[in-house]
*Asks:* 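After the structure tokens below, expect a handful of questions from me.
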Amino acid sequence: MPDRLMTEPRPTGPCAMVIFGAAGDLTRRLVVPALYNLVISKLLPEQFALIGLDLADRSDEDWRQSLREMTAEFIRAAGQEAKLDENAWSWISTRMSYLQGDLNNPETYEALKAKLSEVDATSGTGANYLFYLAIADRFFGPVVEHLGRSGLAQITDHYWRRIVVEKPFGHDLESARALNAQILKVVNENQIYRIDHFLGKETVQNIMMFRFANGMFEHLWNRDRIDHVQITVAETVGVEKRGKFYEQTGGLRDMVPNHLFQLVAMTAMEAPNSFNADAVRSEKEKVIEAIRVCKPDEVSCAAVRGQYGPGQIGGKKVPGYRQEPDVSPDSHIETYVAMKLTIENWRWAGVPFFIRTGKRMAARKTQIAIRFRGSPATLFRGTQVREPAPNWLLLRIQPDEGIALEFGAKIPGPVMKLGDVRMDFKYKDYFGATPRTGYETLLYDIIIGDATLFQRADNVEAGWRVVQPVLDFWTSNTPANFPNYSAGSQGPSIGDELLAGEGCAWRPIN
Ligand code: BG6
């Protein structure tokens, strides 16, 4: 299996990619712009074909045109002066074709099979196929079964077949297990790429580099030197046009067992023996496995929820969650979640990991904040130096990607006074900023067959196991005071109380 430590990108071999849900938002906003970026970086194979499959009847040209517009829009939105690169667009668009089909109809898969054979013959794609399921999750299992029945998922020594499954992977532990079982009856685990798009973010991938390529911090990275960890994924957006989906899902399912737990795993994992996909995923799995699963009567001390009411963001009035389209006016769905995680292993015993995520918060911020234990302040007794502030290491995942270290320094002058200072590394200062969707690395990795950044079946189930008691408790106990935070605020006070109980306080979201 490929190893991630490559000095040069590994060349990608011939293949055809099929996108189920070709007309959908994900395809248009993220997948195709990411493919375009891969063309610019010359990371797609010469023998490449892209087939879009969806229910609507449309022509190849019509599909290409709609994707061209979205890709151009992506470039504009990234604040680039550059326009769509016509050569790159022509490279990809001449390899695109559209197929109309109903996902539930076996004939669709026969037509797809014929189309793929044709593409193999004309484009030299070598019968290597990547099936990307950018569709509603209820279709994941059935589509994989159809692919199996039609023979399209069958592998041999001469070609590969891979299936990419988007989130949500199940709605709870039971459905995630059932979906894994359904899929794994048809294909092998190593043919399945379960996407968590957070793992496509450069700054998330850098957590491992930062920890394991720098000897400086690793020996401080444990219960002896770390007081607690705070992981925040705050968004200013509301539920936008996804009210229907969100009413079924809520903030816990949407963000915690997947994105938040990936950040926890990256922060807390042991060094893997290598950057081999299974070595890395096994270490991550061990962390999630070590998180204490609450008993029902412990849930309220370990997890709290909130829902935004009307408020102001960036000087503009915004509606509350209950006033959003497709949301029930007395909805009890949570848009904010905070949890205290206890990792029961040798390295982290006694170090709380606090996680929180919310929509319509004061600012957009995804950050891992590590609070180190304080210094013994005895030396400063009887001086004007107030108790030295604790040291923080901040891994800024987005926006303003970077890493900062906060510590105390003497304020120049005749008296001993301590000021708080910050050393700050910004990615853009060193590496520039290129517009990326976050899907580029993920797509490239699937084509070269590197599953490191994808969730294994056991990773997914381990995440659901931890949140299941919270889901159960919240389903049977309706919150009385929703909405309990204003849009544009720091979240509900109950989130602050969760930390106050441990003598800690959240870092402000600003
Ligand atoms: C998605 C969630 O998985 O992640 C969304 O469904 C959320 O609700 C999004 O807004 C956040 O991702 P990002 O990349 O914008 O931080």
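Along the sequence shown, residues are numbered consecutively beginning with 1. First listed ligand is number 1; within each ligand, the first listed atom is number 1. No hydrogens, no waters, no symmetry mates; every other heavy atom, side chains included, goes into these values.
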*Asks:* Does any N or O in the side chain of Ser486 come within less than 3.5 Å of the main-chain N or O of Gly311, such that one atom is a donor and the other an acceptor?
*Replies:*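 No; zero donor-acceptor contacts below 3.5 Å.
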*Asks:* Any sub-3.5 Å donor-acceptor pair from Asp196's side-chain atoms to Lys167's backbone N or O?
*Replies:*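 It does not hold such a pair.
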*Asks:* How far is atom 11 (C) of ligand 1 from the closest protein heavy atom, and which atom is that?
*Replies:*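 Nearest protein contact, heavy atoms only, for atom 11 (C) of ligand 1 is Glu235 OE2, 3.6 Å.
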*Asks:* Show me which atoms of ligand 1 lie under 4.0 Å from any heavy atom of Lys167.
*Replies:*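 Those qualifying, in numeric order: 1 (C), 2 (C), 3 (O), 6 (O).
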*Asks:* With respect to Tyr246, determine whether any N or O atom, backbone or side chain, lies less than 3.5 Å from an N or O atom of ligand 1.
*Replies:*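 No; the residue has no nitrogen or oxygen that sits under 3.5 Å from a nitrogen or oxygen of the ligand.
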*Asks:* With heavy atoms under 4.0 Å as the rule, classify the contact between Phe198 and ligand 1 as side chain, backbone, both or neither.
*Replies:*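 The side chain, only.
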*Asks:* Is any side-chain N of the basic residue among Arg371 and Glu406 closer than 4.0 Å to the acidic one's carboxylate O?
*Replies:*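 Salt bridge: no.
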*Asks:* Are the side chain of Ser489 and the backbone N or O of Tyr485 linked by a donor-acceptor pair below 3.5 Å?
*Replies:*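 Between the backbone of Tyr485 and the side chain of Ser489 there is no qualifying donor-acceptor contact (under 3.5 Å).
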*Asks:* Heavy-atom distance to atom 15 (O) of ligand 1: which of Arg253, Gln398, Met255 wins?
*Replies:*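 Looking at heavy atoms only, the winner is Gln398.
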*Asks:* Evaluate ring pair (Phe, Tyr, Trp, His ring centres under 6.0 Å) for Phe425 paired with Tyr427, printing each intermediate quantity in order.
*Replies:* CA-CA 7 Å; Phe425 147 71; Tyr427 275 79; 4.9 Å; yes
*Asks:* If the plane angle is over 60° it's perpendicular, under 30° parallel, otherwise tilted; pick one for Phe354 and His228.
*Replies:*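 Rings of Phe354 and His228: perpendicular, over 60°.
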*Asks:* Regarding ligand 1, does His197 bring an N or O atom to under 3.5 Å of one of the ligand's N or O atoms?
*Replies:*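 Yes.
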*Asks:* List every atom of ligand 1 that sits less than 4.0 Å from any heavy atom of Asp254, numbering the atoms from 1 in the order shown and giving each element.
*Replies:*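 What qualifies from ligand 1 is 2 (C), 5 (C), 6 (O), 8 (O).
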*Asks:* Just by distance, do the side chain of Gln312 and the backbone of Gly488 share a donor-acceptor pair under 3.5 Å?
*Replies:*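 Here the side-chain-to-backbone pair does not exist.
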*Asks:* Please identify which atoms of ligand 1 are closer than 4.0 Å to at least one heavy atom of His259.
*Replies:*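 Answer, ordered by atom number: 1 (C), 3 (O), 4 (O).
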*Asks:* Say whether Lys359, considering both its backbone and side-chain N or O atoms, lies within less than 3.5 Å of an N or O atom on ligand 1.
*Replies:*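 In this structure, Lys359 places an N or O atom under 3.5 Å from an N or O of ligand 1.
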*Asks:* Please check if the side chain of Trp464 supplies one atom and the backbone of Ala176 the other of a donor-acceptor pair under 3.5 Å.
*Replies:*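 No: the side chain of Trp464 does not pair with the backbone of Ala176.
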*Asks:* Relative to the heavy atoms of Lys201, which atoms of ligand 1 are at a distance of less than 4.0 Å?
*Replies:*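 Atoms satisfying the 4.0 Å criterion: 13 (P), 14 (O), 16 (O).
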*Asks:* So, does Arg242 sit close enough to ligand 1 that a heavy atom of it is under 4.0 Å from the ligand?
*Replies:*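 Judged by the 4.0 Å heavy-atom criterion, Arg242 does count as contacting ligand 1.
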